[in-house]
Structure formats: C-alpha cells, structure tokens
Undergrad: 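Take this structure, written in structure tokens, and hold onto it; I'll ask about it next.
By convention here, the first residue in the shown sequence is residue 1.
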Amino acid sequence: MKSHERTHETGTDKVVSDLKRVVHDSQDLLHSSAEVAGDRMRLMRERLADALESAKETGRKLEEKAAAGAKATDKLIRENPYQSIGIAFGLGLLIGVLATRNR
C-alpha cells in the first residue's frame, strides 16, 4: 500500500514540478518580450499572464490536495494499524498467487 502511495506522491510531485517549470519558463518569456510593441503582442502578454496566474493557482490546489491525501492516509493507517497490515498482506498474497499462476 505504501508503494502505491509513493507512486502517487511521485506522480503528483512530478506534475507539480512540471507545472512550476512551465510557469517559470512562461514568466521568463513574458519578461523577455516586454520590449516588443504592438497591440497583438500586448494581448498575447495579457493572455499569458492570465494563464500563468491560473497555472499557479492550479499548482497550489494540487499541492494542497496531495498533502491532504497523504495526511488522511497516514491518519487512517495509524488509527487502524492491524487492518492496514492485513490488507497489505492480503494484497501481497493475491499478487503472489496471480504471479505464480501465470507461469
């Protein structure tokens, strides 16, 4: 169960990291294009700035949800340690039986 949780955390961390990288790169692009004139470029910069704010907010919400999920999982396992061990044992046994059966 813990490896699934780590996989989820790793996936979430990767998404957040990728989102932060996109935001950083977009901010660099926004700052480097500040000198370029024209209505079309101004409109593009405004749209990019709006998209950046939206991406930042999405990243914050994703981090909050991931942290809340990890805390809830930790709390559940700590409140029910024997049931958690039993479930992990049962899943391991099932996977073992299925893995040896297919050979």
Undergrad: Within this structure, what is the CG-CG distance for the pair L98 and L93, rounded to the nearest 0.5 Å?
TA: 9.5 Å

Undergrad: How would you list, by chain and number, every residue that makes a salt bridge (Lys or Arg N to Asp or Glu O under 4.0 Å) with R47, sequence neighbours excluded?
TA: none

Undergrad: Rounded to the nearest 0.5 Å, what's the gap from CD on E79 to CG on D74? Could you check?
TA: 10.0 Å

Undergrad: Donor-acceptor pairs under 3.5 angstrom involving side-chain atoms of residues 53-63: please list them, not counting sequence neighbours.
TA:
{"residue": "E57", "atom": "OE1", "partner": "R60", "partner atom": "NE", "Å": "3.4"}
{"residue": "E57", "atom": "OE1", "partner": "R60", "partner atom": "NH2", "Å": "3.0"}
{"residue": "T58", "atom": "OG1", "partner": "S54", "partner atom": "O", "Å": "2.9"}
{"residue": "E63", "atom": "OE2", "partner": "K20", "partner atom": "NZ", "Å": "3.2"}

